[in-house]
Each structure stands twice: as C-alpha cells, then as structure tokens.
Amino acid sequence: MTALPPEVRELLLSRIKDVPDYPKPGVMFKDITPLLADPAAFAALTDTLAGLAARYGATKIVGLEARGFILAAPVAVQAGIGFVPVRKAGKLPGATLAQAYELEYGTAEIEVHAEDLRAGDRVMVIDDVLATGGTARASLSLIRRAGAEVAGVAVLMELSFLPGRERLAEALAGAPLDALIIV
C-alpha cells in the first residue's frame with residue numbers, strides 16, 4: 001500500500017459513496033463518481049498515481065475497462081506517457097491480443113491492440129478497485145504476451161475481504177501492487 005498523506009486519504013475517502021444493495025442485495029457498492037466530480041479530489045488522485053508512474057519508471061499506462069479508463073488517461077497525460085485501453089472482447093477494431101479469465105460464475109475475455117504495447121515498454125496498470133484480481137491478472141498476461149514489461153499495478157481501492165492481492169501475487173512476478181485505500 002502506498003502511504004498517502006492523511007489529508008489526501010481523508011479527501012479521497014470522503015468522496016467515495018457507499019451504495020447498499022447494489023448491484024444486488026448484500027453488496028456494498030463503492031461509488032467513485034462523487035470523487036471524480038470533485039476537482040480537488042480527482043486532482044489529488046491523479047497526482048498520486050502519476051507519482052507512482054514515475055516511481056515505477058512506467059513508459060505506458062494501461063487502463064482497465066471501464067472505470068480504469070477514467071483514472072488512467074489523466075495520469076498518462078500528466079506523466080507525459082502513452083495510454084493504452086484494455087477492453088472487453090469485441091470492442092477494439094483491428095488486430096488484438098485476447099486473454100480469457102475466470103469470473104465467479106463463468107469466464108470473460110479482455111483485449112488490447114496488438115501494436116500498442118511492445119518490447120521495451122514498462123507498463124503500469126491502473127484500475128479503480130482490486131476485488132478478486134481476475135481482470136488485473138489477465139491484463140498482466142496480455143502485457144507480457146505483447147513483449148512489454150509489467151512496471152506495476154495501482155488501484156484506488158483494494159477490497160481486503162476478497163482474495164485479489166493473493167490471486168495477483170504470482171502474476172506480478174515481483175512488480176509492485178499499490179492500493180491507495182484498503183477497505
């Protein structure tokens with residue numbers, strides 16, 4: 001976990017809204033849209049993630065569909081490096097690399113444009129939440145299959161009651177995993 005200054009941590013936490021029973025009964029959804037709507041909170045988040053990109057030595061930023069796009073794109077701009085979206089299968093035109101992964105009940109697949117990542121790239125993955133780690137793990141496989149190196153993974157929130165960190169550990173192969181907030 002990255003040590004956030006207490007005032008930044010409190011600002012971010014104060015802008016994340018709990019929504020009970022969404023998308024189904026018993027689930028406490030963490031809504032980050034109030035954080036995104038607050039320019040001071042969104043800037044603090046972007047600054048923190050851009051600092052991690054510099055620390056990781058990242059040359060590209062991958063954002064995971066869909067909220068990861070919102071967080072990753074401004075970080076890439078601020079860091080002066082490229083942004084590469086990792087999308088659900090069938091959403092990107094042209095040649096792609098695809099990676100299947102397991103969900104709680106079934107499988108899913110993500111894709112990246114084959115030419116957007118190459119040997120010599122150091123790629124930082126950004127997403128909003130680390131839950132079970134499936135999508136992040138699949139993205140790490142895509143990055144390596146493209147010939148690039150994983151510089152690290154950063155998430156706004158890690159759900160500590162789910163096994164995401166443990167499931168991601170082997171796939172990280174020593175690359176850092178930073179969660180700004182652990183709930």
Side-chain angles (χ1 to χ4, degrees), residues 22-24 27 29-33 36 45-46 49-50 52-53 56-159 161-180:
Y22 182 83
K24 62 183 186 177
V27 172
F29 184 79
K30 300 291 188 182
D31 183 9
I32 67 165
T33 58
L36 301 173
L45 174 59
T46 301
L49 292 171
L52 286 174
Y56 291 174
T59 61
K60 295 255 176 91
I61 300 287
V62 155
L64 303 182
E65 188 164 338
R67 289 179 298 267
F69 295 173
I70 298 166
L71 304 183
V75 171
V77 170
Q78 185 166 327
I81 58 181
F83 167 73
V84 178
V86 168
R87 305 251 7 228
K88 294 175 184 170
K91 302 289 185 179
L92 293 171
T96 61
L97 294 174
Q99 182 66 45
Y101 63 99
E102 292 185 25
L103 299 169
E104 188 174 355
Y105 300 106
T107 61
E109 191 172 53
I110 56 173
E111 296 180 330
V112 66
H113 273 135
E115 72 275 4
D116 288 347
L117 298 173
R118 56 184 64 87
D121 286 335
R122 287 187 44 79
V123 183
M124 175 179 170
V125 176
I126 294 179
D127 205 3
D128 64 329
V129 174
L130 175 61
T132 62
T135 309
R137 206 165 124 168
S139 73
L140 300 180
S141 180
L142 279 177
I143 290 163
R144 290 187 178 109
R145 285 180 46 220
E149 179 184 344
V150 174
V153 175
V155 295
L156 169 59
M157 282 181 290
E158 178 181 348
L159 304 181
F161 54 89
L162 293 173
R165 183 171 290 268
E166 293 79 29
R167 288 190 62 213
L168 202 51
E170 184 180 333
L172 284 165
L177 167 59
D178 282 288
L180 304 184

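The first residue of the sequence shown is numbered 1, and numbering continues consecutively from there.
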So how far is it from [X] [atom1] to [Y] [atom2], rounded to the nearest 0.5 Å?
X	Y	atom1	atom2	answer
Asp128	Leu71	CG	CG	6.0 Å
Glu111	Lys88	CD	NZ	12.5 Å
Ile110	Leu64	CD1	CG	6.5 Å
Asp178	Leu156	CG	CG	12.5 Å
Leu52	Met124	CG	CE	5.0 Å
Leu159	Arg165	CG	CZ	12.0 Å

What pair of heavy atoms forms the shortest contact from [X] to [Y], and how long is it?
X	Y	answer
Arg144	Ala173	NH2-CB, 3.8 Å
Pro176	Tyr56	CG-CE2, 3.4 Å
Ala98	Arg145	O-NH1, 2.5 Å
Ala76	Phe83	CB-CB, 3.8 Å
Phe69	Pro85	CE2-CB, 3.7 Å
Ile81	Ala58	CD1-O, 3.7 Å

Between [X] and [Y], is any pair of side-chain heavy atoms under 4.5 Å apart?
X	Y	answer
Val153	Leu140	yes
Leu130	Leu177	yes
His113	Val84	no
Arg122	Thr59	yes
Leu49	Leu180	yes
Val123	Val150	no

Query raised in the report: Counting heavy atoms not belonging to Tyr22, are there more than 12 under 6.0 Å from its OH?
Result: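 Atom OH in Tyr22 is not packed in, count stays at 12 or less.
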Requested in this report: Take atom CD of Glu166 as the centre, draw a 6.0 Å sphere, and report whether it contains more than 12 heavy atoms from other residues, nucleotides or ligands.
Outcome: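 Result for CD/Glu166: enclosed.
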Is there a donor-acceptor contact under 3.5 Å from the side chain of [X] to the main chain of [Y]?
X	Y	result
Asp31	Thr33	yes
Glu102	Gly134	no
Lys60	Asp116	yes

**Report entry** side chain to side chain contact (heavy atoms under 4.5 Å, CB included) between Met157 and Val129, intermediate numbers included
**Finding:** CA-CA 5 Å; Met157 282 181 290; Val129 174; 3.7 Å; yes
Query raised in the report: side chain to side chain donor-acceptor pair (under 3.5 Å): which pairs involve residues 129-138, sequence neighbours left out?
Result: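 For residues 129-138, and leaving out neighbouring residues, the side chain to side chain donor-acceptor pair (under 3.5 Å) pairs sorted by first residue read Tyr101-Thr135.
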Query raised in the report: So which pairs with a foot in residues 73-87 pass salt bridge (charged side-chain N to carboxylate O under 4.0 Å, His left out), sequence neighbours left out?
Result: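 Checked against salt bridge (charged side-chain N to carboxylate O under 4.0 Å, His left out) - neighbours excluded - the pairs reaching residues 73-87 are Glu65-Arg87.
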Query raised in the report: Looking just at side-chain N and O atoms, do Gln99 and Ser141 make a donor-acceptor pair shorter than 3.5 Å?
Result: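 Gln99 vs Ser141: donor-acceptor pair found between side chains.
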